[in-house]
Amino acid sequence: MDEDFARTDAEAGGRGPLISPDELAAELDRVTVLDVRYAMGGPPGREEHAAGHVPGAAYVDLDRDLAAPPGAGGRHPLPDEASFEAAMRRVGVGRDRPVVVYDDWQGRAAARAWWLLRHHGHADVRVLDGGWSAWLEDGHPAESGETTPEPGDFSVSAVKGTAVVDADDVLGVDVLIDARATERYAGETEPVDPVAGHIPGAVNVPTTDNLDERGRFLPADRLREAYARVGAHTDGTVAAYCGSGVTAAHDLLAMEVAGIPAALYPGSWSGWVTDPERPVATGRRPGPRRPR
């Protein structure tokens, strides 16, 4: 396990990980905007981007640009550094220019881009709270057609801004959070992966618990309360996983808002179950962790 669990954005003196539609509209000419629209099991969002997007936003393909091919590391392993650096340069990301990412999935795909950019050393990355639908609901303009940005000069850093934990050490984390829907966590249904259930000892905070009725993130105090209920706070180590390592970043983003440092288990459930010797738990209440 990477023992250097990252500081939150607030601890690092940043501006926080979220930006409202009105705030983005005021800063539009000073930031690089990335459109990460994605639907699990559906086609990429490139056609949606071409039909309408935040002015100047470049399209990022989650499967191609933000993940490596599926394998022992799960359905969405982290991309290798060279590939990620090239993808970010292609969509115009620079070392010193702020980045704002958005999707139309209540931040779940955008959080993956946010986390990767932060992980690889970009100092100023924010997620558009409420995403594309909020941008339109708040009365801001759309642009259509392809976007071809000037290439950026982003370089991955040797010093990582967010932490990871691997399969060998994930059972040793003090608080392990499963971000999937409760039915999948409990093993009552499993529409994607070959085995149902969760990692023993994990607690469940579905990504829907991070949001209000409009699909925007809850205030920091309410998020702190929600995560405190499962034992996640600033003392001890916290990590999150999901099905493939994508939507877990949504819980990490929520904890960033709440000021709780946490790591990602990138392989997540889809990587965990590639080894039949790894233990599996079911039920809606976390059971004891067992040695492998």
Side-chain angles (χ1 to χ4, degrees), residues 1-3 5 38-42 62-81 83-84 105 108-109 111-112 115-116 119 160 162-209 230-232 236-252 255 262-292:
M1 180 174 63
D2 181 350
E3 297 293 344
F5 273 59
Y38 171 83
M40 188 170 71
L62 187 148
D63 288 325
R64 185 188 69 179
D65 300 328
L66 305 180
R75 288 184 279 109
H76 285 110
L78 299 184
D80 68 75
E81 292 190 355
S83 297
F84 180 70
W105 195 21
R108 294 173 178 88
R112 170 73 166 212
W115 186 91
L116 277 166
H119 180 67
K160 300 308 178 188
T162 54
V164 298
V165 62
D166 62 23
D168 290 336
D169 295 309
V170 71
L171 291 174
V173 173
D174 295 330
V175 180
L176 180 61
I177 295 171
D178 186 320
R180 296 174 299 166
T182 299
E183 297 78 16
R184 290 185 69 193
Y185 165 83
E188 297 167 358
T189 184
E190 182 44 67
V192 185
D193 293 308
V195 179
H198 59 264
I199 297 173
V203 294
N204 186 215
V205 184
T207 56
T208 50
D209 287 2
V230 298
T237 55
V238 181
Y241 76 94
C242 56
S244 70
V246 172
T247 60
H250 197 271
D251 276 10
L252 295 177
M255 284 188 277
L264 173 69
Y265 169 35
S268 285
W269 184 245
S270 61
W272 183 257
V273 299
T274 60
D275 183 347
E277 297 299 315
R278 291 176 181 145
V280 170
T282 56
R284 295 196 172 210
R285 300 183 66 178
R289 298 185 183 181
R290 296 171 290 163
R292 291 186 290 136

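The shown structure was predicted, so the numbers you read here are calculated from the model rather than taken from an experiment. Basis for what follows: all heavy atoms, side chains included, without hydrogens, waters or symmetry-related copies.
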>> Classify the ring geometry of Tyr185 against His198: parallel below 30°, tilted from 30° to 60°, perpendicular beyond 60°.
In response: parallel
>> Using every non-hydrogen atom in the two residues, find where Ala202 and Pro286 come nearest and quote the distance to one decimal.
In response: O-CB, 3.1 Å
>> What verdict does the side chain to side chain donor-acceptor pair (under 3.5 Å) test give for Asp178 and Tyr241, after you've listed the backbone C-alpha separation in whole Å, the side-chain angles of each residue and the deciding distance to 0.1 Å?
In response: CA-CA 5 Å; Asp178 186 320; Tyr241 76 94; 2.7 Å; yes
>> Donor-acceptor check, side chain of Asp63 to backbone of Leu66, threshold 3.5 angstrom: yes or no?
In response: no
> Do Ile177 and Met255 come close enough that some side-chain heavy atom pair is under 4.5 Å?
Replying inline: yes
>> Is the shortest side-chain heavy-atom distance between Val165 and Val173 below 4.5 Å?
In response: yes
>> Using only atom types and a distance under 3.5 Å, with no angle test, would you say the side chain of Glu190 pairs donor to acceptor with the backbone of Val192?
In response: yes
> Can you tell me how far NE2 of His119 sits from CG of Leu252, rounded to the nearest 0.5 angstrom?
Replying inline: 12.0 Å
> At their closest point, which heavy atom of Pro206 faces which heavy atom of Ala181, and how far apart are they?
Replying inline: CB-CA, 4.4 Å
> So, do Val203 and Val175 sit near enough that their side-chain heavy atoms are less than 4.5 Å apart?
Replying inline: yes
> Does Phe84 reach the side chain of Leu116, with side-chain heavy atoms less than 4.5 Å apart?
Replying inline: yes
>> Can you give me the closest heavy-atom contact between Asp251 and Ala179, atom names plus distance?
In response: OD2-CB, 3.3 Å
>> Distance check, rounded to the nearest 0.5 Å: Ser244 atom OG versus Arg112 atom CZ?
In response: 7.0 Å
> Which pair of heavy atoms, one from Ala248 and one from Cys242, lies closest together, and at what distance?
Replying inline: N-SG, 3.1 Å
> Can you name the closest pair of heavy atoms from Leu62 and Ala109 and give their distance?
Replying inline: CD1-CB, 3.7 Å
>> I need the minimum non-hydrogen distance between Trp115 and Ala163, along with the two atoms involved.
In response: CZ2-O, 3.6 Å
>> Please check: side-chain N/O of Asp169 versus main-chain N/O of Gly172, any donor-acceptor pairing under 3.5 Å?
In response: no
>> Can you see whether Arg284 engages Thr182 through a side-chain donor-acceptor pair at a distance of less than 3.5 angstrom?
In response: no
> So, Trp269 side chain and Val195 main chain: donor-acceptor pair closer than 3.5 Å or not?
Replying inline: yes
>> Any side-chain to backbone donor/acceptor pair from Arg278 onto Trp272? Under 3.5 Å, distance only.
In response: yes
> Can you check whether Arg108 reaches Thr207 side chain to side chain, under 4.5 Å on heavy atoms?
Replying inline: yes
> What do the steps show when you test Ser270 against Asp193 for side chain to side chain donor-acceptor pair (under 3.5 Å), and what is the final call?
Replying inline: CA-CA 6 Å; Ser270 61; Asp193 293 308; 4.5 Å; no
>> Is there a side-chain contact between His76 and Ser268 in this structure, where contact means two heavy atoms from C-beta onward sitting under 4.5 Å apart?
In response: no
>> Quick check: do Leu176 and Ile199 have side-chain heavy atoms less than 4.5 Å from each other?
In response: yes
